[in-house]
Amino acid sequence: MTRNVPEKPSLDDLEAKWDARWESDGTFRFDRTKTRDEIFSIDTPPPTVSGSLHMGSVFGYVQTDSHARYRRMSGKEVFYPMGWDDNGLPTERRVQNYYGVRCDPTLRYDPDFIPPETPPDPPVSVSRRNFIALCHGLTAEDEVVFENLWRTMGLSVDWKQSYATIDEHSQRTSQKAFLRNLSRDEAYSQDAPVLWDVDFKTAVAQAELEDRERPGAYHRIAFRGRDGSEVLIETTRPELVCCCVGLVAHPDDERYQAIFGSTVTSPLFEVELPVMAHHLADPEKGSGIAMICTWGDTTDVIWWRELDLPTRAVIQQNGRFQTEVPEWIVGKEGKAAYREISGLYPNQAQRKMAELLAESGDLRGEPKPITHPVKFYEKGDRPLEIVSSRQWYIRNGGRDESLRQTLLEQGNHLDWVPDFMGVRYKHWVEGLNGDWLISRQRFFGVAIPLWYPLDAEGLPDYSAPITPDESELPIDPTSATPGGYQESQRGQAGGFVGDPDIMDTWATASLTPQIAGHWEDDPDLFDRVFPMDIRPQGPEIIRTWLFSTLLRSYYEHDQLPWDHATINGWILDPDRKKMSKSIGNVVTPLPLIEEYGAEAVRYWACNGRPGADTAVDYGVMKIGRRLAVKILNASRFALSFGDDVAPETINQPLDRSMLSGLAGVVEQATVAFEKYDYAKALEVAESSFWGWTDDYLELVKARAYGKGPEAQSAHASLQLALSVYLRLFAPILPFVTEEVWSWWKEGSVHRAVWPSPFEFEGLTGDPNVMSRTSEVLSAVRRAKSDAKTSMRTEVASLTVSGDSATIAAVERARPDLLEAARATDVAFVEGEFGVETILAG
RNA sequence: GGGCGUUUAGCUCAGCUGGCUAGAGCACUGCCCUUACAAGGCAGGGGUCGGGGGUUCAAGUCCCUCAACGCCCACCA
């Protein structure tokens with residue numbers, strides 16, 4: 001092939017050039033004729049497209065791409081799809097803010113609806129169908145932005161394999177898997193207290209909770225015993241006195257032995273309440289005796305359940321206290337007190353109750369301010385309330401010890417990279433305290449594919465849901481009619497009703513291997529890619545995505561969905577602080593790509609050790625850019641000596657010595673990549689490469705410019721080494737290596753074979769020749785540097801001391817050394833290693 | 001309260017199964033326009049390896065303990 005080496009090589013615009021070429025050449029197209037053992041499949045994390053782009057998005061994906069590129073070069077056919085997680089609340093929220101709309105399911109579809117130019121305040125209410133249409137439209141735009149970013153970053157994804165968690169295929173897969181869970185009794189519905197976000201008006205799952213420290217205050221409140229004695233409790237939620245169902249203290253607590261089994265009455269409301277014992281009551285907290293309300297926190301739920309207490313729920317799904325006075329409050333004053341708080345939000349009700357209790361004398365002393373952790377939905381802004389509602393669950397071991405053990409074992413069989421990440425999984429599974437709540441009272445998501453028959457009174461029978469046939473999926477039960485019914489029977493007594501809820505986004509995302517692999521839609525493909533080789537992902541979603549995927553795979557296939565889980569580290573801002581929108585320290589990738597180039601950003605991402613928290617570091621990006629420039633320049637030099645020369649001509653000791661070292665580097669880089677350690681692979685290649693340019697290129701330069709067999713040996717060595725270095729760097733720096741490769745090779749470097757020590761067979765020699773000669777050259781440079789003179793200064797006398805092996809090694813590179821050092825001769829002396837340089841002039 | 005991770009030069013980090021005077025890059029200093037590269041190259045200064053204790057011929061590397069930081073989890077009255 002004719003050489004096409006540019007005079008002034010540059011990194012500019014390589015991203016766009018090669019992205020377009022790879023696309024048109026189908027370089028990363030998956031060849032599905034390969035068999036499972038020839039395939040390396042990746043369960044790519046589908047990014048949440050409604051989120052903004054930030055460096056965390058880039059970091060893990062680039063690391064994964066390095067694995068994909070390495071495996072492809074080492075002979076595997078790589079199944080590397082890309083998904084978009086567009087389903088769910090983040091998208092709804094983004095659409096609400098972007099267009100200034102709210103979904104009101106009671107409204108009718110307006111086919112002519114056009115969203116306002118600028119988001120109005122207050123927002124416009126739109127029908128469910130209009131709202132969903134807006135969600136689809138905006139996510140489609142967001143997906144284009146993401147795809148462009150990934151292409152610029154050089155992800156070697158097969159873009160023909162993309163999916164979105166809201167697309168029809170994903171919906172079908174998700175509904176099918178759910179129906180299978182239902183048929184095997186792995187899913188069930190239940191009317192029970194759930195953690196509830198009052199703004200989003202939906203239930204949320206344990207995995208989506210987070211604690212936030214909030215100010216509160218202990219209110220000391222008096223309950224009265226039958227004999228007129230007082231029982232003082234302390235609570236941070238005095239507004240819940242009205243829904244108190246009992247008091248509880250520890251069974252061993254001396255102070256309360258006398259009143260266990262008796263009753264007290266609540267202040268203001270005058271409700272008679274039992275005093276009970278339970279081991280979860282902590283004698284150290286407050287007065288040691290607590291009021292149980294339905295429901296103030298999750299402990300209340302446990303007490304309520306285990307002590308078999310009545311349900312007196314007052315907080316509604318809209319977050320407000322119910323307006324009518326509850327029937328358990330019978331006294332006139334009690335009713336009057338309740339009317340003071342009816343319809344209020346808890347924080348308002350709390351202030352009111354504190355006033356009322358103070359007036360009545362039942363609040364003792366001033367409330368004591370404290371800071372305490374409060375449960376929030378991770379995407380929510382107000383504390384969660386606990387309300388009773390019917391929800392769907394998938395059994396996850398949270399209430400079944402043997403299933404929990406099985407899932408823990410599954411986790412043990414997974415290869416975690418790095419391995420300490422497995423501990424996080426273990427802790428999560430061990431800490432599960434309930435099944436996985438998958439239903440959400442939202443709109444943009446995969447529908448729960450069920451209807452319920454209505455009895456003669458028009459009440460749904462939840463115990464006998466009507467299921468669709470799998471061939472009908474996906475369905476929307478709020479518009480589709482179940483078999484055996486007429487649409488006119490919807491909502492009528494003796495008819496049916498569709499489940500209005502959707503599934504949590506994780507209920508679909510937990511099926512990414514099945515979605516990407518086209519489980520059952522294309523069983524031939526699925527068998528070729530499943531179980532997948534790796535699941536790359538962030539540490540924060542081990543409890544959600546990783547766990548739920550493992551669970552669904554266990555249920556559906558009775559095996560792990562992947563062999564390895566590669567967990568990337570956390571991304572920190574340049575000051576090593578966690579990046580978050582609220583702090584305003586989010587670093588976005590586009591300006592950095594603009595300034596340093598995608599390759600430099602990739603270099604940064606692959607510099608972080610697997611699993612290590614990594615700060616955005618512009619210095620590292622600069623180094624990456626410099627490395628890429630160096631590759632261009634060194635390549636230009638190495639390829640500036642005429643045609644390709646066969647490796648058999650390599651006969652010079654220095655050349656063979658250099659290749660020995662390189663063979664070792666190849667070995668190390670390969671081992672590192674096999675262990676998913678892209679950072680180590682990069683490091684060994686990089687340090688070797690700088691040595692190659694600094695020393696080998698300098699030593700060989702004069703000879704290479706000459707003629708004859710010695711020159712030929714140099715040319716062949718330069719070419720072979722360059723070819724190896726380009727391939728070693730290709731997984732990390734795909735653009736610059738491809739660019740150089742294109743100057744003198746056919747095809748893509750990314751489809752070239754990964755270098756192996758085998759390539760150096762018969763071409764290696766004593767590694768000391770290179771290393772020792774480099775040391776001598778270094779010493780000569782030092783002498784010139786100390787003398788503050790140019791490196792071109794002639795050396796009048798050069799004496800190398802060393803043991804016989806060292807002398808022999810340097811001797812063998814004598815002509816190259818003399819040229820590089822600008823010396824006319826070198827003398828050797830047996831003894832301690834040392835170099836004496838006397839400069840001319 | 002429990003767990004995991006981190007703590008090595010001013011900064012960002014390597015240092016694998018313990019072994020010669022602890023490494024890299026950035027920053028800093030000096031020199032050099034040498035025909036691959038001056039948005040470069042060459043060379044140099046700089047560290048009691050978080051504190052304390054222990055094992056060992058030998059510890060940044062193993063054990064114990066303490067501390068700081070980060071993250072995860074926990075029933076938060």
Side-chain angles (χ1 to χ4, degrees), chain A residues 5 8-9 209-214 216 218-219 233-237 240 247-249 280-282 285-293 296-303 370-375 383 418 420-424 426-428 430-431 433 539-540 542-543 569-570 572 574 576-578 604 607-609 611-620 622-627 629-640 668 671-672 675 677 679-680 683-684 686-687 690 693-694 697-698 701 705 777-793 820 822:
Chain A
V5 183
K8 192 80 184 161
L209 305 182
E210 68 183 29
D211 286 352
R212 296 184 199 157
E213 288 290 332
R214 282 295 131 111
Y218 277 126
H219 297 69
I233 61 107
E234 286 195 4
T235 180
T236 55
R237 302 203 63 180
L240 296 181
L247 299 190
V248 65
L280 281 183
D282 182 353
K285 272 186 189 154
S287 55
I289 189 162
M291 69 170 183
I292 306 169
C293 307
D297 62 32
T298 51
T299 318
D300 278 346
V301 177
I302 296 171
W303 282 326
I370 55 156
T371 305
H372 63 156
V374 178
K375 283 201 190 308
F420 66 78
M421 291 292 183
V423 177
R424 301 193 183 196
K426 182 166 168 278
H427 286 165
W428 172 250
E430 285 172 348
N433 53 30
E540 74 283 7
I542 290 174
R543 67 177 186 171
W570 201 260
L572 308 168
R576 294 200 64 76
K577 294 274 187 309
K578 184 174 166 176
W604 162 77
N607 225 279
R609 252 55 202 172
D613 293 350
T614 303
V616 173
D617 188 334
Y618 308 114
V620 173
K622 272 192 206 163
I623 300 163
R625 185 174 178 85
R626 181 179 302 175
L627 173 62
V629 170
K630 192 76 173 176
I631 290 172
L632 286 176
N633 289 319
S635 301
R636 197 171 95 79
F637 171 76
L639 297 177
S640 61
Q668 288 181 59
V671 168
K675 290 196 290 193
D677 192 346
K680 182 80 180 172
E683 187 195 293
V684 296
E686 187 186 6
S687 64
W690 282 106
T693 61
D694 291 349
L697 260 49
E698 290 303 322
K701 194 176 276 180
Y705 277 120
L777 179 60
S778 208
V780 173
R781 287 177 184 147
R782 195 176 305 123
K784 292 181 182 178
S785 200
D786 289 347
K788 298 186 189 294
T789 181
S790 161
M791 291 298 145
R792 302 173 75 181
T793 306
R822 302 213 172 227

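- Between A/Lys784 and B/U34 there is no side-chain N or O to OP1 or OP2 distance below 4.0 Å.
- Nucleotides B/U61 and B/C28 have their C1' atoms positioned 30 Å apart, rounded to a whole Å.
- Across B/C71 and B/C11, the matching C1' atoms stand 23 Å from one another, rounded to whole Å.
- Comparing the same atom, P, in B/G18 and in B/A38 gives a spacing of 47 Å after rounding to whole Å.
- Distance A/Lys375 NZ to B/C75 C1': 8 Å, rounded to the nearest Å.
- Within the structure, every side-chain polar atom (N or O) of A/Arg792 is placed at least 4.0 Å from both OP1 and OP2 of B/C33.
- Only the C1' atoms considered, B/C62 is 11 Å distant from B/U17, to the nearest whole Å.
- Listed nucleotides: B/G44, B/G30, B/G41. Nearest to the side chain of A/Arg782: B/G44.
- Taking both residues in full, the closest heavy atoms of A/Arg781 and A/Asp694 are given as NH2-O, 2.8 Å, listed atom of the first, atom of the second, then distance.
- A gap of 14 Å separates the P atoms of B/A9 and B/G60, to the nearest Å.
- Between the side chain of A/Ser785 and the base of B/G44, no donor-acceptor pair under 3.5 Å is found.
- Side-chain proximity of A/Ser778 to B/A43, B/C75, B/A77: nearest is B/A43.
- Note that A/Lys701 lies in the cation-pi zone of A/Phe637, set by a 6.0 Å cut-off to the ring centre and a 45° limit from the axis.
- Following rounding to the nearest Å, A/Glu686 (CD) and B/A24 (C1') show an atom-to-atom distance of 9 Å.
- Taking side-chain N and O atoms only, A/Arg781 has no distance below 4.0 Å to OP1 or OP2 of B/C42.
- When each of B/A77, B/C72, B/C75 is scored by its nearest atom to the side-chain atoms of A/Arg543, the top-ranked nucleotide is B/C72.
- For the pair A/Ile623 CD1 and B/C13 C1', the computed distance is 9 Å after rounding to whole Å.
- Nucleic acid contact for A/Arg214: none, since no nucleic acid atom lies under 4.0 Å from a heavy atom of the residue.
- As a whole-Å value, the separation of A/Asp617 CG from B/C13 C1' is 9 Å.
- B/C64 and B/U6 have their P atoms separated by 15 Å, with the value rounded to a whole Å.
- A/Leu632 comes within contact range of no nucleotide atom at all, as no heavy-atom separation falls under 4.0 Å.
- Minimum heavy-atom separation, A/Pro539 to A/Trp570: CG-CE3, 3.8 Å.
- Here A/His219 contributes atom NE2 and A/Thr235 contributes atom OG1; the two are 8.5 Å apart, rounded to the nearest 0.5 Å.
- Using a 4.0 Å cut-off, no side-chain N or O of A/Tyr618 falls inside it from OP1 or OP2 of B/C26.
- Ranking B/C37, B/A77, B/G25 by closeness to the A/Lys285 side chain, first place goes to B/A77.
- Residue A/Ala281 is in base contact, counting any heavy-atom pair closer than 4.0 Å across all strands shown.
- Between the CZ atom of A/Arg636 and the C1' atom of B/G41 there is a distance of 16 Å, rounded to whole Å.
- At the heavy-atom level, A/Val374 lies under 4.0 Å from base atoms of the strands shown.
- Between B/C31 and A/Ser790, no contact under 4.0 Å exists linking OP1 or OP2 to a side-chain N or O.
- Note: CG (A/Leu572) to P (B/G5) measures 17 Å, nearest angstrom.
- Nucleotides of RNA chain B nearest to A/Leu280 and A/Arg822 differ in position, and the one nearer the 5' end is that of A/Arg822.
- Side chain A/Lys622 to base B/C26: no donor-acceptor pair is found below 3.5 Å.
- The closest side-chain heavy-atom distance from A/Val374 to A/Arg212 is not below 4.5 Å.
- The shortest distance between the side-chain N/O atoms of A/Arg424 and the OP1/OP2 oxygens of B/C4 is not below 4.0 Å.
- The main-chain N or O of A/Ala615 is found under 3.5 Å from a side-chain atom of A/Trp604 such that the two form a donor-acceptor pair.
- Among the duplex regions that RNA chain B forms, those built from at least three successive Watson-Crick or G-U pairs under 3.5 Å are B:1-7 with B:67-73, B:10-13 with B:23-26, B:28-32 with B:40-44, B:50-54 with B:62-66, ordered by first number.
- Between A/Asn607 and the phosphate of B/C13, there is no side-chain N or O to OP1/OP2 separation shorter than 4.0 Å.
- Taking the P atoms as reference points, B/A74 lies 40 Å from B/G10, given to the whole Å.
- Here the nucleotide nearest the side chain of A/Asp694, chosen from B/C26, B/G41, B/A77, is B/G41.
- With B/G70, B/G3, B/G15 as the candidates, the nucleotide lying closest to the side chain of A/Asp613 is B/G70.
- A/Arg609 comes within 4.0 angstrom of the backbone, heavy atoms only, and of no base.
- Minimum interatomic distance between A/Arg822 and A/Thr793 (heavy atoms only, all atoms of both residues): CB-O, 3.7 Å.
- Among B/G3, B/G30, B/U12, the nucleotide with an atom closest to any side-chain atom of A/Val620 is B/U12.
- A pairwise comparison of heavy atoms in A/Asn633 and A/Pro9 identifies OD1-CG, 4.1 Å as the closest pair.
- Distance noted for atom C1' between B/C33 and B/C42: 13 Å (whole Å).
- Distance from the side chain of A/Glu683 is smallest for B/A14 among the nucleotides B/C37, B/C42, B/A14.
- Along RNA chain B, the nucleotide closest to A/His372 and the one closest to A/Leu209 are compared, and the more 5′ of them pairs with A/Leu209.
- Nucleic acid contact for A/Thr789: sugar-phosphate only, since backbone atoms but no base atoms lie under 4.0 Å from a heavy atom of the residue.
- Here A/Asp297 contributes atom CG and A/Ile302 contributes atom CD1; the two are 8.5 Å apart, rounded to the nearest 0.5 Å.
- Atom P of nucleotide B/G40 and atom CG of A/Leu627 are separated by 13 Å, given to the nearest angstrom.
- With distances taken from any side-chain atom of A/Ala290 to the nucleotides B/A77, B/A14, B/C75, the minimum falls on B/A77.
- The side chain of A/Asp282 lies closest to B/A77 when the candidates are B/C73, B/A77, B/G3.
- Between A/Lys426 atom NZ and B/G3 atom C1' there is a gap of 9 Å when expressed in whole angstrom units.
- Taken from CZ in A/Arg609 to CG in A/Asn607, the straight-line distance is 7.5 Å, to the nearest 0.5 Å.
- A salt bridge between A/Glu686 and A/Lys630 is absent, with no side-chain N of the basic residue lying under 4.0 Å from a carboxylate O of the acidic one.
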